[in-house]
Amino acid sequence: MSSSDRRKPYPFDQIEPKWQARWDAEETFRVANPGEPGFDASRPKFFVLDMFPYPSGAGLHVGHPEGYTATDIIGRYKRMNGFNVLHPMGWDSFGLPAEQYAIKTGQHPAVTTAENVARFKAQLKGIGFGYDWSREIATSDPAYYRWTQWIFLQLYGAWFNPATRKAEPIATYPGEDPDSVRLAYVSEAPVNWCPELGTVLANEEVIDGKSEVGGHPVERRPMRQWMLRITAFAQRLIDELEGLDWPESIKLLQRNWIGRSEGAEVRFALEGVEGGVTVFTTRPDTLFGATYMVLAPEHRLVDALATEEQWPAIRDYREKTSRKSDLERTELSKEKTGVFTGAYAVNPVNSERIPIWIADYVLQGYGTGAIMAVPAHDERDLEFARTFGLPVRAVVQAPGKSVEESEGFTGEGIAIGSPLIDGLPTAEAKRKITDWLEAQGLGKRSINFKLRDWLFSRQRYWGEPFPIVWEGGQHRALSEGELPLTPPELADFKPTGTPEPPLSKATEWVRYSESASRELNTMPQWAGSCWYYLRFCDPANAERFVSREAEQYWMGGGKPGGVDLYVGGTEHAVLHLLYARFWHKVLFDLGHLSTPEPFQRLVNQGIILGEDGQKMSKSRGNVVNPDDVIHQYGADALRLYEMFMGPLEQMKPWSMTGVEGVSRFLARVWRLIMEENQAGEWVLGPVSAEVEPTKAQLKVIHATIKKVSEDIEALAFNTAIAQMMVFVNAFTSTTPRPVSALRTLLQLLNPFAPHLTSELWETLERHFPGGPAGLLEDQPWPRYDEAYLVEDEVEIVLQINGKVREKLVISKDASKEAVEAAALATPKIAEAVEGKTVRKVIVVPGKLVNIVVA
RNA sequence: GCCGAUGUGGCGAAAUGGCAGACGCACCGGACUUAAAAUCCGUUGUCCCGAAAGGGGCGUGUGGGUUCGAGUCCCACCAUCGGCACCA
């Protein structure tokens, strides 16, 4: 007999489908919106959200149910505590992987997506999650992406007013050229083009010069693309992290990604060229140490200032640089390269003449694309200076070091050899020199961010078409009434292999009017997931992306407001979570939302490793399929095991024997109430309504209520389960068993193992009528009474010099003096203290006595 | 290189500055059984003394420190994992 044919420890295969069907039929977890029938305004709200899945062809893996079970436990727990719980699920169904899968299988992405969604949904229902399925959404549904397109139009029709630090309608823009400030704008810039995938990719989608999806080579080429001006919100995206209840590490990741640095822009005059060149530096205090200047190879001014003589070398270098892939760039980063332009700049603080070079270690896209090089106090500049024999001059003295030793010192010290600021510590020197530059009109304070604008267009079929038409080289928005703009039916939706998007093949569709044609690009995968949590609040609304009332109810409350609990993986720390915050802020500024932040509390679940402790992967053959686990042990065991493995946030390896362990526990719960008769049928066991719990049992019951309640609130599910195991162990050995105690256990265990507990609850109701009636899910959460937890007598530990020597049972009300006296009176302690000096006695009531002897 | 997280039995782990190892896995022993599986009961950090009952030493990555008392707080270091990586 193989293990899968083995007799089931309890009939989960019958119980689980039964209850899933019932929750479905009765819409147990459906929650009404304000104004709808059944809405109970007296209850507080709780919005608990999962990162909705990408319905890939592979189906669920065991990582999905980890976070989903955690939110399900919270949702069910809050529901039993009287909250209106919004716990929805949907599908992030547009995007590259779905389309690649469709191409591979030769089917239309709409077909494969529908199949995958059906499979995912069946799998999720098979785990017994309490979702409100009436709110199911899919980002590839026209009724949904109509509003994704509408939000794009909001971005297109808005600008960031630096004076108010807010997005405003473009009509308030006072300038001549509104197209230059729109939050959604067209730009011609070098982008990551992947010929194999036939699309451009965002920086985040390129890893070591290869596409994240499929690992195909990526090259740089200039293309006309749609961009979103996320950089305008850089400061607010940093500032408003402050009030969020997120893991500090994720906040830090976002801050680093946005990469704020404070410094100054300094203007250097050029010899023989008008206007000069501006550099950005975080160390204006080292201005006197600038011995040369470097421009990015692509810098505009290079053409103007390069000398005839140097021109061939420059042209050559520029060409080499432009051909370098990201991979080559990182590989070659150890060796500095560059070319002298033949031109000179003038250092504004000392009128010194310094040579201007070009080098690819200076990036066109950051700061001004030009730097002043201070080799004495910057590692990269020092390396470059050494390679090309450029002078090095120390102008910051390192603490406790000589001037000579201070070369290569990049920290904070004392300014030297710098007439305006000599003797000042770095911070003060920065301030003073910047004040001076500002007064002289030579520079100003400046802040730079690493964050770049978001490349928002893709040359693919399976995404939201842009609600934009082109006429006479000008773009223009479709009216709201023209939404949704659906993609054309295309038999051949494959990428063209050229930058020409596949939508270009639909000639009918492309033609908007006599003189206007449609935008051919589509939106990236992230678009739909930027606002799905809002749609969950009001998924069927045909008038608005979300009604004001629903948005205010579900997203309101709390300090910054928003989703009460959001659980998902760290992989979205800087992508989805940053993009969504950006869109949310735009919609908030434009008056469409009531809160500035989407996600009040964020928790990352740790990834689950294979049994070998390695990351799960097909090639390693260590992938665990949740379907197999459910088949063999049941959904409740899967849920319970994933929560029992360890702390939610921690990375942890899978163990099949561990699953068996929790499966055994569930079977013990089953047999606490059921027993097998001669015929091999499960019938009610030695359960009695007459029996009252003993004092010891009451203590276990109430300690368990307390521990489980507190642990669920703290998302410490593993220890909550451990406590329920203690409960079961305590009751296993006694018969008959008080029905009230068993009911309490079922209530506590229900969020974790809903099928088993519902079945047993129903069984008890049948055998012991007159007790609580109806679905277990609808029962109020049990309360504990502290009175049952305190004992009359406590065991306290007696220590000599911090080492445990003896234990003492004494009344919990005994005074400090009485405890001390009793401790000293015990034979062991008396013997240990004999002939020694008692220096000190520490008494912690109810805990211990520590006797310090000489 | 920079930033962050984590180091506790054979394994997953637990522990408001107060009995380290709850709970589970694995192992070993016992009960039930013709037998096995399942189930139930029990042992199990490690070393030493003891025939046993018992008793003692050492133990939370390493080294210091604070404290009556440190897995927990502070300092330094080491290892593993993750993120960023010419960002001026």
Side-chain angles (χ1 to χ4, degrees), chain A residues 1 3 6-7 9 247-253 255-257 259-261 263 279-283 286 294 296 329-330 332-336 359-363 365-374 377-381 383-384 410 448-452 570-571 573-574 606-607 609 611 613 615 640-641 644-647 649-662 664-665 667-668 671 676 707 716 718-726 728-729 732-733 795-807 839-844 846-853:
Chain A
M1 248 210 269
S3 59
R6 219 170 43 205
R7 209 173 118 50
E248 239 356 272
S249 59
I250 297 291
K251 289 189 185 181
L252 202 67
L253 234 44
R255 282 195 203 99
N256 291 343
W257 186 262
R260 180 185 199 272
S261 36
V279 303
F280 171 73
T281 178
T282 54
R283 290 299 298 268
T286 63
V294 186
R329 275 204 151 174
T330 43
L332 295 173
S333 68
K334 279 151 206 134
E335 253 177 67
K336 291 279 178 291
D360 65 1
Y361 83 90
V362 173
L363 308 173
Y366 184 78
T368 62
I371 63 157
M372 63 175 202
V374 185
H377 306 295
D378 182 285
E379 268 178 56
R380 296 150 302 176
D381 294 347
E383 216 179 303
F384 190 84
T410 56
N448 258 286
F449 297 94
K450 283 200 279 185
L451 186 70
R452 303 297 148 83
T570 355
E571 67 272 20
V574 287
I607 63 165
L609 305 170
E611 298 227 37
K615 214 169 167 176
L640 200 68
Y641 174 65
F644 188 59
M645 291 172 84
E649 276 129 306
Q650 193 169 301
M651 181 194 292
K652 42 209 178 276
W654 188 268
S655 157
M656 267 313 176
T657 52
V659 181
E660 247 166 79
V662 297
R664 268 203 287 269
F665 164 70
R668 280 158 69 89
R671 290 194 310 267
E676 220 170 0
K707 179 84 177 139
N718 54 333
T719 49
I721 294 166
Q723 179 61 37
M724 288 188 277
M725 287 173 168
V726 170
V728 171
N729 290 344
T732 298
S733 51
E795 187 188 67
I796 62 171
V797 174
L798 307 184
Q799 299 179 329
I800 303 278
N801 288 344
K803 291 200 193 291
V804 180
R805 283 296 117 107
E806 182 61 298
K807 287 165 191 181
R839 292 262 268 320
K840 199 171 180 182
V841 179
I842 289 120
V843 180
V844 182
K847 288 266 182 192
L848 59 66
V849 176
N850 187 17
I851 297 153
V852 186
V853 297

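Just so it is clear: chains get the letters A, B, ... in the order the sequence lines come, proteins before strands, and each one is counted from 1. Atom set for the values below is all heavy atoms of this structure, side chains included, hydrogens, waters and symmetry mates excluded.
- Checked against side-chain contact (heavy atoms from CB on, under 4.5 Å), A:Val797 has the following partners two or more places apart in sequence or in another chain: A:Gln799, A:Val804, A:Leu848.
- Taking every heavy atom of both residues into account, A:Ala573 and A:Leu253 meet most closely at CB-CD2, 3.6 Å.
- Comparing atom distances between the A:Asn256 side chain and each of B:C3, B:C84, B:A88 picks out B:C3 as nearest.
- Distance noted for atom C1' between B:G7 and B:G71: 11 Å (whole Å).
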Legend entry - Test log, rule side chain to side chain contact (heavy atoms under 4.5 Å, CB included), inputs A:Thr732 and A:Arg671: CA-CA 9 Å; A:Thr732 298; A:Arg671 290 194 310 267; over 6 Å; no
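- Using a 4.0 Å heavy-atom criterion, one finds that A:Arg255 contacts no nucleic acid atom at all.
- When heavy atoms are screened at a 4.0 angstrom cut-off, A:Lys807 is found touching base atoms of the nucleic acid.
- Looking at heavy-atom distances under 4.0 Å, A:Gly367 makes no contact with the nucleic acid at all.
- The nucleotide B:A79 finds its pairing partner in B:U6, both defining distances of the Watson-Crick or G-U wobble pair being shorter than 3.5 Å.
- Residues that satisfy the side-chain contact (heavy atoms from CB on, under 4.5 Å) test with A:Pro247, not counting sequence neighbours, are A:Ser249, A:Ile250, A:Leu602, A:Asn604.
- Among the protein residues, A:Val797 comes within range of the nucleic acid bases, having at least one heavy atom under 4.0 Å from a base atom.
- Proximity of A:Lys803 to the phosphate of B:C58: a side-chain N or O atom is located under 4.0 Å from OP1 or OP2.
- Rounded to an integer number of Å, the gap from A:Glu335 CD to B:G1 P is 19 Å.
- One interatomic measurement links the two molecules: CD1 of A:Ile842 to C1' of B:G69, which rounds to 7 Å at whole-angstrom precision.
- For B:C19, its base sits under 3.5 Å from the side chain of A:Glu795 at one donor and acceptor pair at least.
- Mapping A:Asp381 and A:Val726 onto RNA chain B via the closest heavy atom, the residue that lands nearer the 5' end is A:Val726.
- Checking side-chain atoms of A:Asp381 against main-chain N and O of A:Val374 turns up a donor-acceptor pair under 3.5 Å.
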Shorter than 3.5 Å, N or O on both sides, protein versus nucleotides 13-17 of chain B: list them out with atom names.
from, atom 1, to, atom 2, distance (Å)
B:A13, OP1, A:Gln650, NE2, 2.5
B:A14, OP1, A:Asn718, ND2, 3.0

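- Using P as the reference atom, B:C2 and B:U8 are 26 Å apart when rounded to the nearest Å.
- For B:G9, the O4'-C1' to base torsion is within 90° of 0; the nucleotide is therefore syn.
- Residues passing the salt bridge (charged side-chain N to carboxylate O under 4.0 Å, His left out) test with A:Arg839: none are found, sequence neighbours excluded.
- For the P atoms, the distance linking B:C19 with B:G83 amounts to 38 Å, nearest Å.
- Note on A:Gln799: a base of the nucleic acid sits closer than 4.0 angstrom, heavy atoms only.
- Taking 4.5 Å as the limit, every side-chain heavy atom of A:Val728 sits out of range of all side-chain heavy atoms of A:Met725.
- With sequence neighbours excluded, the residues satisfying side chain to side chain donor-acceptor pair (under 3.5 Å) with A:Ser655 are A:Thr657.
- Rounded to whole angstrom, the span from the CD1 atom of A:Ile800 across to the P atom of B:C68 amounts to 17 Å.
- Between the side chain of A:Asn801 and the backbone N or O of A:Val853 there is at least one donor-acceptor pair closer than 3.5 Å.
- Only the C1' atoms considered, B:C32 is 23 Å distant from B:A26, to the nearest whole Å.
- Place A:Leu252 and A:Asn801 on RNA chain B by their nearest nucleotides, and A:Leu252 ends up nearer the 5' end.
- Spacing between atom CH2 of A:Trp654 and atom P of B:C25 amounts to 16 Å, rounded to whole angstrom units.
- Shown here, B:G24 forms a base pair with B:C11; the pair counts as Watson-Crick or G-U wobble because both key distances fall under 3.5 Å.
- Among the atoms of the strands shown, only primed sugar atoms or phosphate atoms (P, OP1, OP2) are found under 4.0 Å from some heavy atom of A:Leu253.
- The base-pairing partner of B:C58, taking Watson-Crick or G-U wobble contacts with both distances under 3.5 Å, is B:G45.
- Set against B:A88, B:G24, B:C86, the side chain of A:Ser261 has B:A88 as its closest nucleotide.
- Separation of the C1' atoms belonging to B:U43 and B:G21 is 16 Å when rounded to the nearest angstrom.
- When both pairing distances are held under 3.5 Å, B:C84 makes a Watson-Crick or G-U pair with B:G1.
- Separating the CE atom of A:Met724 from the C1' atom of B:G24 is a distance of 13 Å, rounded to the nearest angstrom.
- Under the Watson-Crick and G-U wobble criteria, each requiring two contacts below 3.5 Å, nucleotide B:C68 is paired to B:G18.
- A distance of about 15 Å separates the C1' atoms of B:G45 and B:A14, rounded to the whole Å.
- When the P atom is used for both B:A35 and B:C47, the distance is 36 Å, rounded to whole Å.
- Distance check on atom C1': B:U62 versus B:U6 gives 16 Å, rounded to whole Å.
- Distance from the side chain of A:Asp360 is smallest to B:C86 among B:A26, B:C3, B:C86.
- Rounded to whole Å, atom C1' of B:C68 lies 15 Å from atom CZ of A:Arg805.
- Using a 4.0 Å heavy-atom criterion, one finds that A:Ser655 contacts no nucleic acid atom at all.
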Inset, instruction - May I have the step-by-step check of side chain to side chain contact (heavy atoms under 4.5 Å, CB included) for A:Arg452 and A:Tyr366, ending in yes or no? - result: CA-CA 9 Å; A:Arg452 303 297 148 83; A:Tyr366 184 78; 3.7 Å; yes
Could I get a table of every N or O pair under 3.5 Å where one atom is in the protein and the other is in nucleotides 39-43 of chain B?
from, atom 1, to, atom 2, distance (Å)
B:U39, O3', A:Arg671, NH2, 2.9
B:C40, OP1, A:Arg668, NH1, 2.7
B:C40, OP1, A:Arg671, NH2, 3.2

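- Taking only side-chain atoms of A:Ser249, from C-beta outward, the nucleotide of B:A88, B:G56, B:G4 with the closest atom is B:G4.
- In this structure, A:Lys450 atom NZ and B:G83 atom P are separated by 15 Å, rounded to whole Å.
- The side-chain heavy atoms of A:Ile607 and A:Glu571, taken from C-beta on, include no pair separated by under 4.5 Å.
- Note on A:Leu848: a base of the nucleic acid sits closer than 4.0 angstrom, heavy atoms only.
- Without hydrogens or angle criteria, A:Arg283 side chain to A:Thr410 main chain gives a donor-acceptor distance under 3.5 Å.
- Atom-to-atom, CD1 of A:Ile721 to P of B:A22 comes out at 17 Å; the value is rounded to the nearest Å.
- Of the possible donor and acceptor atoms, one in the side chain of A:Lys652 sits under 3.5 Å from a partner among the backbone N and O of A:Pro647.
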